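Reading through the structure tokens given below for one structure.
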Amino acid sequence: MTVPTKPTSSAQADALGALGADLHAPVIDWFEENARDLPWRRAEAGSWGVMVSEFMLQQTPVNRVLPVYEQWLARWPRPADLAAEAPGEAVRAWGRLGYPRRALRLHGAAVAITERHGGDVPAEHAQLLALPGIGEYTAAAVASFAYGQRHAVLDTNVRRVFARAASGVQYPPNATTAAERKLARALLPDDERTASLWAAASMELGALICTAKNESCVRCPIASRCAWRLAGKPAHEGPPRRGQTYAGTDRQVRGRLLAVLREAVAPVPQSVLDRVWEEPVQRARALDGLVADGLAEPLAGGLYRLPLA
DNA sequence: TAGCCGTGGAG
DNA sequence: TCTCCAAGGCT
């Protein structure tokens, strides 16, 4: 007598399991034929290379990450190498990738790895999650891509693929829902090897084929099973997905201020920073924000620089 | 949890 | 020109 291993007897869960089984092979086969040759996918990248790439790829396109990634790994081939530097050097090397707090967090993660993990990127999901700048997605991605573990890796690409293929809608919800996590787990292959391939493959499918706009169903390996396509590709319903305005925001001002600090070799006088933005209240708020975030360091005499510690 | 946090390319 | 979007995390 075999005892059921599934915690639920839900027919829906069984149906999803069956759907997953139908999708795995075509998506993984497609991936092995069409995957981009990205440096962090090569064996030589190692777990540190994978982790660095994941930080840089948070909200930043692959093409822009590539050159910075190469320089970063050449300069800091191990976590301890980065940990030995001032955090401001990480911010400087980050260049114009955007969201420079990621650079600070990556530096902080390198310090923590050096202090708590003997200089090796931890393999356990919980330990990864405890590092600064690593959330649910990145922890799963590093554990899966660097260590071949079985995790539901839910990024914006995968969420879109699942929304379409399984749920039959054009776009996933704004924020990741419990239902999405459940779906991702239900679709996850049982064995580690296949699961980690599936994670990378489903993500690549979303990045290259099942894109947000101008999706290419004719090249999609699971078009014949896609619920959204079979339903006639109905347009997104509900509230418009909020767009981010940028011009005139504090973010723009912060960006300008930090650009000056990044390019300066010596501490910068307040008067120089003042030139980047006309409106004084917003300008001051932005600068204060950078200091509060640890991205800028105020010195005596109204001077500012990237953080030394 | 909704809002904040950069930047630049594509259509 | 303008809108949308790109391997999220944090509070």
Side-chain angles (χ1 to χ4, degrees), chain A residues 31 35-36 38-41 45 49-69 91 94-106 108-109 128-146 151-161 170-178 180 184 196 199-208 210-215 236 239-262 276 282 285-286 288-290 292-296:
Chain A
F31 178 67
R36 291 167 292 180
L38 301 170
W40 44 86
R41 285 181 177 161
V50 170
M51 182 174 144
V52 169
S53 77
E54 289 304 334
F55 270 76
M56 292 184 173
L57 288 164
Q58 290 169 2
Q59 303 287 282
T60 304
V62 167
N63 336 326
R64 229 180 320 148
V65 163
L66 284 169
V68 182
Y69 171 86
V91 174
W94 197 255
R96 307 188 68 80
L97 284 184
Y99 293 140
R101 289 189 294 188
R102 292 181 293 163
L104 230 39
R105 293 175 185 144
L106 180 51
L128 288 164
L129 198 55
L131 297 173
I134 295 193
E136 182 61 39
Y137 161 75
T138 303
V142 172
S144 182
F145 301 155
H151 292 283
V153 180
L154 256 192
D155 80 319
T156 186
N157 290 305
V158 175
R159 294 180 62 218
R160 188 174 52 249
V161 169
Q170 187 176 21
Y171 296 119
N174 264 327
T176 305
T177 62
E180 286 182 274
S196 64
S202 53
M203 193 175 309
E204 189 80 336
L205 186 66
L208 298 183
C210 194
T211 48
K213 295 196 299 191
N214 302 318
E215 69 281 353
H236 177 72
R241 316 163 72 217
R242 69 181 184 288
Q244 343 150 328
T245 55
Y246 180 65
T249 62
D250 286 8
R251 295 158 81 176
Q252 184 180 23
V253 186
R254 287 166 57 108
R256 289 192 184 184
L257 290 169
L258 200 59
V260 173
L261 296 181
R262 268 200 315 264
V276 308
Q282 187 179 27
R285 184 172 65 233
D288 287 349
L290 289 176
D293 289 345
L295 284 164

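Since we're looking at a predicted model, the values are computed, not measured. Within every chain, numbering begins at 1; the chains are lettered A, B, ... in the order of the sequence lines, protein sequences first and strands thereafter.
Closest to the side chain of A:K213, from the set B:dG6, C:dC5, C:dG8, is C:dC5. Set against B:dG6, B:dT7, C:dA6, the side chain of A:A212 has C:dA6 as its closest nucleotide.
A:R102 has no side-chain polar atom (N or O) that falls below the 4.0 Å cut-off from OP1 or OP2 of B:dC5. Checking the phosphate oxygens (OP1, OP2) of B:dT7, a side-chain nitrogen or oxygen of A:Y246 falls inside 4.0 Å. Between A:R159 and C:dA6 there is no side-chain polar atom (N or O) within less than 4.0 angstrom of OP1 or OP2.
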A:E54/A:Y137 under side chain to side chain donor-acceptor pair (under 3.5 Å): CA gap, chis, key distance, verdict: CA-CA 9 Å; A:E54 289 304 334; A:Y137 161 75; 2.7 Å; yes
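At the heavy-atom level, A:L257 lies nowhere under 4.0 Å from the strands shown. Here A:R262 lies in heavy-atom contact (under 4.0 Å) with sugar-phosphate atoms only. Note on A:W40: a base of the nucleic acid sits closer than 4.0 angstrom, heavy atoms only.
Side chains of A:M56 and A:W40 form no contact here, defined as non-hydrogen atoms less than 4.5 Å apart.
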Pairs under 3.5 Å (N/O, protein and nucleotides 9-11 of chain C):
residue, atom, partner, partner atom, Å
C:dG9, OP1, A:G135, N, 2.9
C:dG9, OP1, A:T138, N, 3.0
C:dG9, OP1, A:T138, OG1, 2.4
C:dG9, OP2, A:Y137, N, 3.4
C:dC10, OP1, A:G133, N, 2.9

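Look at CG on A:D250: it is 13 Å from P on B:dT7, rounded to the nearest Å. In this structure, A:M56 places its CE atom 15 Å from C1' of B:dG6, rounding to the nearest Å. Atom-to-atom, CG of A:L97 to P of C:dA7 comes out at 15 Å; the value is rounded to the nearest Å.
Between B:dC4 and C:dA7, the distance separating the two P atoms is 23 Å to the nearest Å.
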